[in-house]
Structure formats: C-alpha cells, structure tokens
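Each chain gets a letter, A, B and so on, in the order its sequence line appears, and its residues count up from 1. Quick caveat, the model's predicted, so the values are computed rather than measured.
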There are 2 protein chains.
Amino acid sequence: MADTRTKLLEAALVTLGKHGIAGTSARTIAAEAGVNQALVFYHFGSVDQLLVAACEHGSRQRVALYRARFASVTSLRELLDLGRSLHAEERAEGSVAALAQLLAGGQTDPKLAPATTVGLNLWIEEVRQALERVLATSPLAEFVDVPGLARATAAAFVGLELYEGVDPEGAGQAFDALEGLVALAGALDEMGPLVRRAARARLRRHS
Amino acid sequence: MADTRTKLLEAALVTLGKHGIAGTSARTIAAEAGVNQALVFYHFGSVDQLLVAACEHGSRQRVALYRARFASVTSLRELLDLGRSLHAEERAEGSVAALAQLLAGGQTDPKLAPATTVGLNLWIEEVRQALERVLATSPLAEFVDVPGLARATAAAFVGLELYEGVDPEGAGQAFDALEGLVALAGALDEMGPLVRRAARARLRRHS
DNA sequence: GTCTATAGTCGGATAGAC
DNA sequence: GTCTATCCGACTATAGAC
C-alpha cells in the first residue's frame, strides 16, 4: 500500500477530475485519499503546493506510460490514432482532465501557472519528438516550425478534451474532421517535390 | 447607466476572468458590479444560474461584435489574422477567458455544461460560415468535414487561450507555427486539381 | 428592487495530544 | 506521522425592513 504522501498526490488528481478546480479542497482531497485533512498541510504546506506537486507527479507518470507508444509512431496517421486512444484512455483515467483543471486555475493563480507549464511541457516534448520523426521527409517540416506545432497540438488537445466534457457529440465531429486533414497531409508527402516548389514560389511572392 | 441585472451579467464575466471559476462567488461578482450580494439571488436565483445567463449574454454580445469581421474574411490567411486579433482583443476584454473558465467548470457541473455548449456554438457557427466561404474552391473542402473542422478550430482556440494564460511565450510559438500551415494550405489551393487527384488516389488506396 | 442581518456550511490553516 | 479540536474567514441562501 502506498504511503500517505503518494496517496494524497494521487487523490488530488482524482479529485480535480471529479469535482473540478472549484471543488478541490484539502478536505475533498483527503476524503478521496482516505486520510486526515490536516495531513495535506503537514506533507505539502498548503493545498496549492499539493496541487503543484500532483501536477508534476501525474504528468511524469502518465507521460512515461505513453513514451513507448509515442516512440513507435511512424506516420501522422498513427500519431492521430495515438492521440485518439490517449484521449479515450486518459478521459477514463482522468489525468489529462486534471491538467486541464489546473490550467484553468493557473490563469488566475500565479502559484499554479508554472506547475501547469511544466506538466504541459512534458507532453509537448513527446509530441515534438514524434512530429520531428514523422515529418522528417514531409514538406510540412520545411514550412512549419515543428516545435511550435507541437505546442499548438498539445494546447489544441487540451481544448478538445474540455470540449468533450461539455459536448461529446460535437467533440467527436471535431476529431473526425482531423482525419481528413492528416489524409491530405499524407497526399502532400507523396507529391513532395512538387508541393515544395509551389509553396516556395508562393512564399517568395507573399513575403 | 445599466440596470442591476445587466451589471451583474457583465460583472460575472469580468470576475471569471479575474479570479477564475474557483474564485467566482456571489460576493466577488456583486463587489465587481458594485451592488449588494443578495441581488444575485433576487435576480437569478443562484450563482450557477447567473453564470449560465452570463455565458449566453457574453457570447451573444461578443460574437455580434465580430460578425462583420468574420464576414469580411476572404482567405485562410485572413481568418488566421482575425483569430490572432480576436485572441489579443478578447484577452484584454476577457470574455473568451470567461468562456474557458465556464468550460472548465462545466466538466463537473451539469448545470454549467449546456450553457457553455451554447456559448461555444455561437463562435463555432461564425467560424463555420467563414470556413465554408474561404475553402469553397480549396481541395480542403473536398476531404475535410468543414463543420467538424470549425468545431475543432474553436476548441483548439480555447486551448491556446488557456495555454497563453500560463506560458505566453510558448503560446506565441504555437500561434506562429500556424502561419506556416496556412501558407502551405494556400499553396495547395493553387495546385488544386493536382492535389485533388493525388489525394483521391491516396484515399482509394487507404480506405 | 435594494438593503441589513443572519443562519448554516465549508474551507484553510494551526495547536497540541498521542 | 497521524489524529482531534478549533479558529476564523468566506461562502450560499433566506428573512424581513425599507
């Protein structure tokens, strides 16, 4: 059985998923962990500090769990598939939902903001590596800043996660539309040199 | 001068932006509006119901304000530019930030969820109309479900808004990467028939 | 419609026994 | 390390005067 410190870290994430940032308190977390409320302050000093620690703990743990699957991705298609299963699995598990809640809290709580940045960056780095690999031979890599694209992708993913929470049907349609986009990107890769020439010509004209 | 009801609706949005969903209460809203706390319950029955009303009120108002600019967009480029200024202006104004906070709250509060769906759908509809128009002659329209793409775009936009709140520099890089994407999409349009043929061939092979 | 006052609950945080 | 007990402030919501 895990020690109290770990139980609190894990309970904090579950509580964020269950009750949102607004319903997350020392009491609700301790209840979820099955321990006394005062232990939050003994082990972490304050609720905020527990949330900060939980954010890093949870992200590290989940990212490590998916690392092998990120590494085995060989195409944009497969990356989107991984995104969809990650979405489904983490929605059940709740750690991306917790990150989303912390992100919302971090907008107005300066103590939370840097912690969520750290958590997000762990995901972003995995996405970046996968994108660098998958787009190595694609014209996309020439015209798009891949590290920036990885950031945009991770942020968009969190947005879709939140969207799913209030309108699952709409979010489903949104995800489906992305299938079309990656199919087009695949076609682009096959016409590589042609696309490169046209895009370069266009860039010269417009800049 | 606005009546109390309207003052409360507007104060609710400002408060969501300033203090987040976790720091938004009848007291903080009433303080922002400069009226008595009991009036929240007199006019709206509960804090939740005020937030629901404020979400619709704010979205309708802001969407109406941007309608003309959405209508004047004639290319993906211009749509991205509009997105960037909308991002900048609304970040100062705070109504998209409020929507993001309600979205986070809606994850766990069933009374908030449908209200945020309504608010989001107002934006989605504008984006959809602009995309239908802008992509009318683009190969994108043939291979991507545009209504779904509009939903994905709006959700991604909210995700980027939240990302900006905790890591402005990272979010800037994310937005910049999108410039490359729309430039490529522009090149795609110019090679329309070619791309269409290649993409169709590819789809036949992969489906 | 707006105010004061207040009941009752919940949350952050600490003191001190074990 | 963990518990009980407790202070204090903030919260939702209502009653009732004006």
Side-chain angles (χ1 to χ4, degrees), chain A residues 1-55 57 98 101-102 104-113 115, chain B residues 1-55 57 98 101-102 104-113 115:
Chain A
M1 194 53 194
D3 64 342
T4 299
R5 227 190 111 85
T6 312
K7 274 198 281 188
L8 282 171
L9 288 170
E10 264 149 35
L13 298 174
V14 175
T15 307
L16 279 168
K18 265 194 200 167
H19 303 110
I21 184 75
T24 294
S25 68
R27 288 174 143 88
T28 51
I29 296 169
E32 180 70 40
V35 304
N36 190 279
Q37 167 259 149
L39 294 174
V40 167
F41 303 95
Y42 175 77
H43 286 287
F44 297 94
S46 71
V47 176
D48 269 350
Q49 286 171 273
L50 165 53
L51 294 182
V52 166
C55 181
H57 169 84
Q101 291 294 324
L102 287 169
Q107 303 294 306
T108 55
D109 183 342
K111 292 184 290 294
L112 245 43
Chain B
M1 195 52 191
D3 64 344
T4 299
R5 226 190 112 85
T6 312
K7 274 198 280 188
L8 282 172
L9 287 170
E10 265 155 30
L13 298 174
V14 175
T15 306
L16 280 169
K18 266 194 198 167
H19 303 109
I21 184 76
T24 293
S25 67
R27 285 169 140 86
T28 52
I29 296 170
E32 181 69 42
V35 304
N36 191 280
Q37 167 259 146
L39 294 174
V40 167
F41 303 95
Y42 176 78
H43 286 286
F44 297 95
S46 73
V47 176
D48 269 350
Q49 286 171 274
L50 166 53
L51 294 182
V52 166
C55 181
H57 168 85
Q101 290 295 323
L102 288 170
Q107 303 294 305
T108 55
D109 183 342
K111 292 186 288 295
L112 245 43

Checklist line | Contact check, side chains of B:Asp109 and B:Leu51, non-hydrogen atoms, under 4.5 Å | finding: no

Item checked: Base versus backbone protein contacts along nucleotides 11-18 of chain C [heavy-atom cut-off under 4.0 Å; B, S, -] -> BBBB----

Notebook entry, point to check: Just how far is it from atom CG of A:Asp3 to atom CG of A:Leu9, taken to the nearest 0.5 Å?
Noted result: 8.5 Å

Next item on the list: Find the distance A:Arg5:CZ to D:dT2:C1' and express it as a whole number of Å.
Entry: 16 Å

Next item on the list: Could you grab the distance from atom CG of B:Leu13 to atom NZ of B:Lys18, nearest 0.5 Å is fine?
Entry: 12.5 Å

Check: Roughly how far, to the nearest 0.5 Å, is CZ of A:Arg5 from CG of A:Leu50?
Finding: 9.0 Å

Checklist line | Atom-to-atom span, CG of B:Asn36 to P of C:dT4 - whole angstrom | finding: 6 Å

Checklist line | Whole-Å distance separating the CG atom of B:Leu39 from the C1' atom of C:dT4 | finding: 12 Å

Check: Just by distance, with hydrogens left out, do B:His19 and B:Gln101 show a side-chain donor and acceptor under 3.5 Å apart?
Finding: no

Next item on the list: Calculate the interatomic distance between B:His19 atom NE2 and D:dA10 atom P; express it in whole Å.
Entry: 12 Å

Checklist line | side-chain contact (heavy atoms from CB on, under 4.5 Å) assessment of B:Glu10 paired with B:His57 | finding: CA-CA 8 Å; B:Glu10 265 155 30; B:His57 168 85; 2.9 Å; yes

